[in-house]
Amino acid sequence: MPAGGWRMSRKVGLSANSSQFTLEGESFRILGGSIHYFRVPRAYWKDRLMKMKACGINTLTTYVPWSLHQPEREVFHFHTQLDLEAYISLAAELGLWVILRPGPYISSELDLGGLPSWLLSDGSMRLRTTYPGFTQAVNTFFDKLIPKVVPLQFKKGGPIIAVQVENEYGSFAKDESYMLFIKEALQSRGISELLLTSDNHNTLKSGGVDGG
């Protein structure tokens with residue numbers, strides 16, 4: 001992926017079969033590593049990503065912490081240290097693909113797994129379910145977040161080759177409809193790249209979703 005040329009038009013994104021991944025119809029091996037933009041001072045983003053690439057890694061994965069981007073119900077932060085668009089664009093300029101992990105729950109050793117604490121002001125709140133108070137909050141956050149990353153998808157010329165649906169839901173699995181809700185929340189806002197889930201081998205089924 002040449003620097004400066006990553007916005008070219010593409011039609012065939014990342015695909016998976018029983019034996020391999022393909023990208024643009026060609027065999028593709030994901031050599032992935034995680035550097036979370038919200039944990040590294042912005043001044044060091046480029047240095048850290050260049051070191052990642054020097055190790056032979058071709059794909060950056062990063063979580064998106066809801067609790068930091070929306071610390072209060074009506075307050076959103078997507079600038080300076082939390083400028084996700086700039087971080088993803090920088091990865092592309094350095095020749096890295098991106099797997100985005102937008103949650104809404106991300107774990108990542110954050111309080112409430114990255115869910116904002118103000119959700120708990122609702123005494124009836126049921127996190128990570130289709131409880132209306134939770135889904136409405138997710139929709140509000142995704143309305144702000146997803147339009148920022150849609151133009152950065154592979155088929156639109158960007159570096160995002162896959163998007164993870166939630167995170168390790170199989171170990172929680174309190175609502176059979178929840179993963180479908182999250183999947184549709186992503187796709188209805190324009191996410192069109194390969195979807196994936198992440199779980200332990202013994203919870204893959206309970207944490208999965210058709211098409212992810």
Quick one: does [X]'s side chain have a donor or acceptor within less than 3.5 Å of a partner on [Y]'s backbone?
X    : Y    : value
K183 : V165 : no
E184 : F181 : no
Q153 : S192 : yes
K53  : L94  : yes

Run R128 and N167 through side-chain hydrogen bond (donor to acceptor under 3.5 Å, both in side chains) and show every step you take. CA-CA 10 Å; R128 302 176 77 190; N167 189 57; over 6 Å; no
Tell me whether I30 is reachable from V12 by hopping between hydrophobic residues (I, L, V, M, F, W, Y) whose side-chain heavy atoms are closer than 4.5 Å. no
Please answer: with hydrophobic residues joined when any side-chain heavy atoms are less than 4.5 Å apart, are Y44 and L96 in the same cluster? yes
Nearest 0.5 angstrom please: [X] [atom1] to [Y] [atom2], how far?
X    : Y    : atom1 : atom2 : result
E193 : S15  : CD    : OG    : 9.5 Å
I35  : R48  : CD1   : CZ    : 8.0 Å
Y87  : W45  : OH    : CH2   : 7.5 Å
I88  : T62  : CD1   : OG1   : 7.5 Å
L82  : R42  : CG    : CZ    : 10.0 Å
L23  : L194 : CG    : CG    : 10.5 Å

Does any donor atom in the side chain of [X] or [Y] lie under 3.5 Å from an acceptor atom in the other side chain?
X    : Y    : value
Q20  : S27  : yes
T130 : D175 : yes
R101 : S108 : no
Y178 : E166 : yes

Test the K144-F78 pair against the cation-pi criterion, namely NZ or CZ under 6.0 angstrom from the six-membered ring centroid and within 45° of the ring axis. no
Check for me whether R189 meets the cation-pi criterion with F142, that is, NZ or CZ under 6.0 Å from the six-membered ring centre and within 45 degrees of the ring axis. no
With side chains defined as the heavy atoms from C-beta onward, is the minimum distance between [X] and [Y] less than 4.5 Å?
X    : Y    : value
R126 : K174 : no
P102 : L145 : yes
I106 : P65  : yes
I161 : F28  : yes
V64  : Y37  : yes
V149 : V163 : no
L31  : T59  : no
I99  : L60  : no

Does a sphere of radius 6.0 Å around CE in M125 hold more than 12 heavy atoms from other residues, nucleotides or ligands, not counting ones at 6.0 Å or beyond? yes
Near N17 CG, under 6.0 Å, is it more than 12 heavy atoms from other residues, nucleotides or ligands? yes
With sequence neighbours excluded, residues passing side-chain contact (heavy atoms from CB on, under 4.5 Å) with T140: Q70, F76
Can you check side chain to side chain contact (heavy atoms under 4.5 Å, CB included) on Y105 and F172, steps first, answer last? CA-CA 11 Å; Y105 175 88; F172 186 77; over 6 Å; no
Parallel, tilted or perpendicular: which one describes the rings of W66 and W118, with boundaries at 30° and 60°? perpendicular
Do the ring planes of H77 and H79 sit parallel (below 30°), tilted (30 to 60°) or perpendicular (above 60°)? perpendicular
Determine whether the aromatic ring centres of F134 and Y131 lie less than 6.0 Å apart. no
